[in-house]
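Everything on this sheet refers to the single structure shown next.
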Amino acid sequence: QVQLVESGGGLMQAGGSLRLSCAASGRTDRRYAMAWFRQAPGKEREFVAWISWSGGLTSYADSVKGRFTISRDNAKNLVYLQMNSLKPEDTAVYYCAAGPRIGDSVGSWAYWGQGTQVTVSS
């Protein structure tokens, strides 16, 4: 079992930046890949980015490519999502996920955090 807790969400004006953090606890000895997903009201949860255990491989949704950066610090059991040039369309609850394999679908990931709200005003 792995527990994930997100932090760093909040209110930001369009064009601004936020950095989300995800802290992992429990069976952190497993070499899990990590991901970020988001869900806006009335929409399905959608893929944002994933990163391999070593950090050597990353992938991004087209909607955030060039603006968001995923990174991790395994010594601290932390994963980050740096969000720059924020748009109102980025408004959503952001969820951290972990699992033994990478993928861009919700079903690819075994463990989930409770989410953190990001609101971008126009």
TODO: Enumerate the residue pairs fulfilling salt bridge (charged side-chain N to carboxylate O under 4.0 Å, His left out) with a member in residues 45-58, sequence neighbours excluded, ordered by first and then second residue.
DONE: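 Salt bridge (charged side-chain N to carboxylate O under 4.0 Å, His left out) check on residues 45-58 returns R38-E46.
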Task: A35 to W109 - nearest heavy-atom pair and separation - done: CB-CZ2, 3.5 Å
Check: [X] side chain, [Y] main-chain N or O, donor-acceptor pair, under 3.5 Å:
X	Y	result
R67	S85	yes
E6	Q114	yes
R31	S52	no
N74	W53	yes

TODO: Show which residues join L78 in its hydrophobic cluster (side-chain heavy-atom contacts under 4.5 Å, direct or indirect), or state none.
DONE: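 Via sub-4.5 Å side-chain contacts, L78 links to Y80.
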Qualifying residues under side chain to side chain donor-acceptor pair (under 3.5 Å), relative to [X], sequence neighbours excluded:
X	value
Q117	T119
Y95	none
S59	none
Q3	none

For [X], give me all partners under side-chain contact (heavy atoms from CB on, under 4.5 Å), at least two apart in sequence or on another chain.
X	answer
V2	L4, A24, R27, Y32, Y111
A61	F47, S63, V64
K65	Y60, D62

Task: Student check: side-chain heavy atoms of V93 and T116 closer than 4.5 Å - done: no
TODO: Would you check, one step at a time, whether the test side chain to side chain contact (heavy atoms under 4.5 Å, CB included) holds for L81 with V48?
DONE: CA-CA 10 Å; L81 185 69; V48 175; 4.2 Å; yes
Task: Close aromatic pair by centroid cut-off 6.0 Å: W36 and F68 - done: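 Aromatic pair excluded; centres sit 6.0 Å or further apart.
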Open item on the list: Do M83 and W50 land in one hydrophobic cluster if side-chain heavy atoms of ILVMFWY residues count as linked below 4.5 Å?
Closed with: no
Open item on the list: Once disulfide (SG to SG under 2.5 Å) is applied, what residue pairs with a partner in residues 41-115 remain, sequence neighbours excluded?
Closed with: C22-C96
Tabulate below the donor-acceptor pairs under 3.5 Å that side-chain atoms of residues 11-21 make, not counting sequence neighbours, or state none.
| from | atom 1 | to | atom 2 | distance (Å) |
| --- | --- | --- | --- | --- |
| S17 | OG | N84 | OD1 | 2.9 |

Show which side-chain atoms of residues 98-106 pair as donor or acceptor with protein atoms under 3.5 Å away, not counting sequence neighbours.
| from | atom 1 | to | atom 2 | distance (Å) |
| --- | --- | --- | --- | --- |
| S105 | OG | S108 | OG | 2.9 |

